[in-house]
Amino acid sequence: MPTSIGWGVVAIRLALTIIAGALIGLNRGEHGRAAGMRTTILVCLAASVSMIQVNLLLMINGKTPESFVVLDLMRLPLGILSGMGFIGGGVILRRGSMLIGVTTAATLWFVTVMGLCFGGGQLGLGVALLVIGLIVLTLLKHVEDRMHRDRRAILSVALSAEGPSEAQIRDRLAGARLTIKSCCAAFSSMHVSLVSKKLRYEVQWRASPNESRLPEVVEAIADLPGVAHVSWRVQT
């Protein structure tokens, strides 16, 4: 970091900061995320200006016999970075078993560091971060969308007295490569000759995130004699 900078250098740093923040925010805005273009530009600018302020204050850093001023200049950008950690944590939400906003929080943290690079004069490093960030947010998004991952669902089956046994249902689920994580059964008797049973299975399998069709095995179980009702609920 140079000990003194002119307004031309400041203008270049701010311009690169705005461009970088806008490009990252454009990607997030296209996907309907909370941290859009305005948010990422402002966060990136705040970090950049903090480093520019540090650069401008370098000339009065230290202690001389004629001065009582002692400055720890890095407290300002470090405070910005720590504050963005709290803001990013507030973006993360939990809905059931799913976490929302993790990428948005990481993006805010990322553009903060990128702004610190531009504000501190490390323009090459800032541009490199911008390119890497765009690759991560665009290209790797397509890779994630095609990755097969573990998914879970709840299968509920209501049986009459003439329905299939639990072992038969288990065999069908195993044949469809569905792993049973847990199972529970409930019995009810409304009449001596009428007995109903409800089975609830938590199953797991590996599939792409965009797969939403009903498994064939569920339809096959629903068509079995004695099966009164079948429900299938995918856990998100």
Side-chain angles (χ1 to χ4, degrees), residues 1-94 99-144:
M1 184 184 296
T3 56
S4 62
I5 56 175
W7 287 108
V9 175
V10 172
I12 293 175
R13 295 182 184 182
L14 290 179
L16 289 174
T17 300
I18 294 173
I19 294 172
L23 290 175
I24 297 295
L26 180 63
N27 174 272
R28 305 308 294 160
E30 287 179 343
H31 294 87
R33 305 307 180 189
M37 185 182 298
R38 291 181 300 173
T39 303
T40 53
I41 289 177
L42 289 175
V43 169
C44 203
L45 272 176
S48 180
V49 171
S50 71
M51 286 300 292
I52 292 175
Q53 178 74 348
V54 169
N55 207 157
L56 294 174
L57 291 175
L58 282 177
M59 298 303 295
I60 60 174
N61 185 30
K63 184 176 181 179
T64 63
E66 297 82 11
S67 174
F68 60 87
V69 178
V70 178
L71 297 177
D72 184 0
L73 297 178
M74 292 309 297
R75 284 189 178 184
L76 180 57
L78 289 177
I80 296 289
L81 195 59
S82 300
M84 285 312 305
F86 286 103
I87 295 176
V91 174
I92 301 174
L93 300 174
R94 176 182 289 276
L99 284 177
I100 300 176
V102 178
T103 305
T104 299
T107 302
L108 292 176
W109 185 270
F110 175 82
V111 296
T112 303
V113 176
M114 190 168 59
L116 292 176
C117 291
F118 284 123
Q122 290 79 37
L123 305 184
L125 180 59
V127 172
L129 280 178
L130 172 61
V131 174
I132 294 172
L134 291 175
I135 292 175
V136 171
L137 291 174
T138 54
L139 298 183
L140 294 188
K141 176 67 167 57
H142 298 293
V143 175
E144 280 189 339

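The basis for the numbers below is simple: all heavy atoms, side chains too, and nothing from hydrogens, waters or symmetry mates. Please read all numbers here as calculations on a predicted model, not as lab measurements.
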By side chain to side chain contact (heavy atoms under 4.5 Å, CB included), which residues pair with [X], not counting sequence neighbours?
{"X": "Val136", "value": "Ile132, Leu140"}
{"X": "Ala22", "value": "Met37, Ile41"}
{"X": "Ile19", "value": "Leu23"}
{"X": "Leu16", "value": "Ile12, Phe118, Leu123"}

What closest approach, in Å, do Cys44 and Met114 show between heavy atoms, and which atom pair accounts for it?
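Between these two residues, the closest heavy atoms are SG-CE, 4.1 Å.
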Nearest heavy-atom pair of Ala47 and Ile80: which atoms, and what distance?
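Scanning both residues completely, I find the closest heavy atoms to be CA-CG2, 4.0 Å.
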Can you tell me which residue among Ile24, Leu130, Leu45 is in a side-chain contact (heavy atoms from CB on, under 4.5 Å) with Val111?
Ile24
Can you check whether Leu14 reaches Ile52 side chain to side chain, under 4.5 Å on heavy atoms?
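Sidechains of Ile52 and Leu14: in contact.
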Kindly write out the residues that satisfy side-chain hydrogen bond (donor to acceptor under 3.5 Å, both in side chains) with Thr17, not counting sequence neighbours, or none if the list is empty.
Ser48
Criterion side-chain contact (heavy atoms from CB on, under 4.5 Å) on Leu26 and Thr40, from CA distance to verdict
CA-CA 9 Å; Leu26 180 63; Thr40 53; over 6 Å; no
